[in-house]
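The sequence lines fix the lettering, A, B, ..., with proteins before strands; numbering per chain opens at 1. This is a predicted model, so every value here is computed, not measured. Note: hydrogens, waters and symmetry copies are ignored here, and every other heavy atom, side chains too, is used.
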Number of protein chains: 2
Amino acid sequence: MNIGEIAKRAGVSRSTVSYALSGKRPVSEDTRRKIQRVIDDLGYQPNASARALANGRTNTIGLVFPPAGNHYTGMQLDFIGSVTEAAADHDYDVLLSPSGMDSDRSFQRLLGERRVDGAILMEMRLQDDRLDHLTEVGFPSVAIGRTANPQGSWWVGLDHTALAAACVHHLADLGHRRVAFVNRPEPLLRAGYESAHRGLDGFTKAAAERGLTVRTYCCGDDAASGQACLEQILHDDPATTALVTLNEAALGGIYRGLAQAGRQVPHDFSVTGVVAGRWAETVTPQLTAADVPAEQMGRLAVELLVERLNHPAAPARHHLLAPPISLRASTAPPGPGPTGAAHDLGAPAHP
Amino acid sequence: MNIGEIAKRAGVSRSTVSYALSGKRPVSEDTRRKIQRVIDDLGYQPNASARALANGRTNTIGLVFPPAGNHYTGMQLDFIGSVTEAAADHDYDVLLSPSGMDSDRSFQRLLGERRVDGAILMEMRLQDDRLDHLTEVGFPSVAIGRTANPQGSWWVGLDHTALAAACVHHLADLGHRRVAFVNRPEPLLRAGYESAHRGLDGFTKAAAERGLTVRTYCCGDDAASGQACLEQILHDDPATTALVTLNEAALGGIYRGLAQAGRQVPHDFSVTGVVAGRWAETVTPQLTAADVPAEQMGRLAVELLVERLNHPAAPARHHLLAPPISLRASTAPPGPGPTGAAHDLGAPAHP
DNA sequence: TTGAAAGCGCTACCAA
DNA sequence: TTGGTAGCGCTTTCAA
């Protein structure tokens with residue numbers, strides 16, 4: 001059933017039906033009611049492809065979500081969920097593309113075949129060929145994350161530098177002097193992942209500023225790697241009393257490694273980092289962390305994109321978020337150190 | 001740029017270009033090369049909407065993934081990831097719909113506006129209005145999960161009954177007599193969630209068979225609820241020595257509750273259940289569980305759907321999976337009970 | 001306030 | 001082996 005059928009049954013022309021639907025031209029209350037009745041009776045819905053072909057808009061946005069290595073992280077799920085729901089609120093559908101690079105078949109389909117009106121990019125890199133490509137061809141997009149040079153582009157990002165620094169200051173304030181940093185997997189760092197780089201930067205600078213002794217590690221996105229990484233940390237410097245992590249998926253493994261090394265959190269060892277709140281609360285003790293507001297970020301990204309689609313000439317806008325650290329239960333002043341067996345020295349070793 | 005432009009530059013007709021692209025009609029090697037050259041030069045890609053309009057296929061599949069309550073679970077992420085990648089392998093794109101019900105706007109768009117060729121349904125209920133609707137209008141779909149009466153429909157599911165029963169037998173074999181069951185949230189159970197119902201069934205029957213004393217609980221999909229639920233369990237029957245859970249998101253909270261109650265896993269208390277392997281390994285000790293093969297299920301669902309799309313008259317097919325229990329570290333023979341302080345009975349040497 | 005008709009870009013039928 | 005052309009179902013301009 002198509003618009004012609006509706007027109008015939010309502011005794012009007014196809015254009016009138018179209019206008020009655022879109023409201024782009026006045027239609028007498030009478031005919032509009034007549035048409036609506038037929039539409040309701042037949043449960044008519046206009047064909048999306050035809051509509052897209054005729055007016056050049058698909059009412060679909062592309063969500064480019066490459067796997068971060070072998071698999072996806074919990075944070076990505078939060079983004080996908082919030083983007084999809086926000087999009088639905090604006091009557092947009094979301095088309096998924098698992099593309100890691102500009103040259104992916106799936107990415108090419110998205111753009112080249114004009115399946116979507118605009119795109120939201122996840123897992124940004126400091127130099128991002130996907131974004132370069134989009135900007136070059138003038139395709140509307142909003143990034144979750146920002147490149148090294150984000151001027152003139154649309155994005156909603158997290159101030160990873162400030163967040164990692166805040167973690168360092170928090171630990172330094174508690175009296176920690178020897179702190180490790182657990183980053184995302186090495187391949188991602190090499191690929192130029194924004195969060196990994198800026199986080200590392202923020203950590204390093206703040207640590208230098210506070211005169212801390214630090215070591216930095218890359219760590220696979222899974223529990224086993226987290227555990228291995230923690231073992232490495234304690235092996236490299238048993239006097240380490242705290243760590244900062246960006247690696248949500250490794251968190252469970254880090255805790256396990258700590259437990260097996262006989263370090264109790266937070267008495268013997270403090271853990272903090274940048275992690276979506278929902279996942280920070282699954283570990284025991286709950287993680288004191290800068291909570292990634294994934295829900296809000298997804299929603300903002302959609303809103304920016306919709307705005308951009310509606311106003312093609314609008315100047316670039318962005319949101320840089322820097323959520324505060326949520327104090328939970330995984331940090332405390334440093335304990336007596338690796339040799340001590342007592343867990344009850346109320347006071348920090350280094351005030 | 002469109003197919004006409006290509007035709008003009010290659011000095012052939014539009015139909016020839018079309019056939020050269022689709023291969024549905026022989027084209028001389030000469031002209032095909034000429035055409036290909038122009039296409040490569042201009043980077044031409046056919047417009048998806050036009051193509052969809054002309055041949056009635058969108059090359060897109062819909063993934064209907066309703067939030068399970070307030071938010072999404074880790075397992076859903078695994079499904080989304082595997083479905084998207086499997087679809088990409090078949091040159092299909094994936095359109096997301098957060099629809100919980102047949103009547104959702106987003107669901108109606110998917111079908112009514114013919115945005116997709118077929119759909120994959122997640123979060124099945126025993127009576128599922130979405131599937132009823134799809135079947136009624138003859139829309140090709142594959143469900144991840146199955147209804148009470150799955151005959152004649154396409155699905156890939158998990159034998160939750162057998163899986164939950166296997167957990168019970170595993171615990172009974174170890175000597176546990178008082179066992180709790182931690183289900184998905186109550187609203188989902190009331191809504192008729194398949195996994196929640198069949199899991200509960202399998203648990204109850206197997207427990208009766210083994211003469212166990214049991215209590216069953218519903219539990220919110222988050223750590224806080226898990227903790228609260230565990231407290232309730234120990235309050236209701238402090239002699240409980242083990243539990244079976246389907247609730248992956250509550251797992252961290254369950255462990256926390258156990259720790260706070262002074263029960264060590266697995267010495268004083270055993271935990272097992274049905275959980276995607278990746279998440280079972282984030283807790284310490286790692287969870288002995290029937291691993292949900294989410295990756296495989298997503299892939300199978302796509303393959304079934306593609307088969308169905310290519311052979312509209314093919315008889316319904318399905319896959320019922322029943323993965324074995326992966327023995328990890330969270331179960332052991334029951335300890336001395338709630339009063340005992342000794343943690344060094346016959347349990348495994350390794351914490 | 002309404003209708004007729006020309007596209008949108010592609011596919012596939014009918015002829016040659 | 002190729003070209004011409006009539007749709008696919010909708011939007012929108014032009015006329016009335």
Side-chain angles (χ1 to χ4, degrees), chain A residues 1-36 38-39 42-60 91 93 108-117, chain B residues 1-39 42-60 91 93 108-117 309:
Chain A
M1 165 206 11
N2 57 34
I3 203 175
E5 183 77 2
I6 304 296
K8 197 186 305 173
R9 302 214 188 192
V12 298
S13 76
R14 303 187 314 168
S15 48
T16 301
V17 175
S18 176
Y19 285 119
L21 245 32
S22 70
K24 292 189 182 171
R25 180 167 97 173
V27 171
S28 80
E29 197 43 38
D30 230 38
T31 52
R32 112 163 278 104
R33 248 201 305 276
K34 226 170 18 187
I35 292 171
Q36 193 57 51
V38 178
I39 286 180
L42 276 63
Y44 165 77
Q45 287 183 261
N47 177 304
S49 304
R51 174 174 278 185
L53 178 59
N55 70 10
R57 297 192 50 158
T58 60
N59 263 275
T60 303
D91 281 328
D93 281 325
Q108 295 296 346
R109 270 209 306 269
L110 220 64
L111 305 185
E113 303 185 358
R114 311 221 79 89
R115 280 174 190 269
V116 300
D117 297 335
Chain B
M1 166 205 10
N2 58 34
I3 203 175
E5 183 76 2
I6 304 297
K8 197 186 303 172
R9 303 213 188 193
V12 299
S13 75
R14 301 187 315 166
S15 48
T16 301
V17 175
S18 175
Y19 285 119
L21 244 34
S22 70
K24 292 190 183 172
R25 182 166 97 171
V27 172
S28 80
E29 198 41 39
D30 229 39
T31 51
R32 115 164 272 105
R33 248 200 306 277
K34 227 170 19 189
I35 293 172
Q36 193 57 50
R37 234 189 83 68
V38 178
I39 287 181
L42 276 63
Y44 165 76
Q45 287 182 261
N47 178 303
S49 304
R51 174 174 279 186
L53 178 57
N55 69 11
R57 296 191 53 157
T58 61
N59 263 275
T60 303
D91 283 325
D93 280 326
Q108 295 296 346
R109 269 209 307 269
L110 219 63
L111 305 186
E113 303 185 357
R114 311 220 78 89
R115 281 176 189 268
V116 300
D117 297 333
L309 291 174

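Between I6(A) atom CD1 and dG3(C) atom C1' there is a gap of 18 Å when expressed in whole angstrom units. Between R114(B) atom CZ and dC10(D) atom C1' there is a gap of 16 Å when expressed in whole angstrom units. The nearest whole Å value for the distance from the CZ atom in R57(A) to the P atom in dT12(D) is 11 Å.
The CD atom of E29(B) sits 10.5 Å away from atom CD of Q36(B), with the distance rounded to the nearest 0.5 Å.
The main-chain N or O of A20(A) is found under 3.5 Å from a side-chain atom of R32(A) such that the two form a donor-acceptor pair. Looking at D117(B), its side chain does come within 3.5 Å of a backbone N or O of N59(B) through a donor-acceptor pair. Judged by distance alone, with hydrogens and angles left aside, the side-chain atoms of D30(A) form no donor-acceptor pair with the main-chain N or O of R33(A) at under 3.5 Å.
Taking every heavy atom of both residues into account, I6(B) and Y44(B) meet most closely at CD1-CB, 3.6 Å. Contact between Q45(A) and E113(B) at its shortest, heavy atoms only, is NE2-CG, 3.9 Å. Contact between T58(A) and R115(B) at its shortest, heavy atoms only, is O-NH1, 3.1 Å.
Within residues 26-33 of chain B, the residues that have a heavy atom under 4.0 Å from DNA chain D are, in order of number, P26(B), V27(B), S28(B), T31(B).
A donor-acceptor contact closer than 3.5 angstrom is absent between the side chains of S15(A) and S18(A).
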Please encode protein proximity along nucleotides 7-13 of chain C as a string of B, S and -, counting only heavy-atom distances under 4.0 Å. BBBBBBB
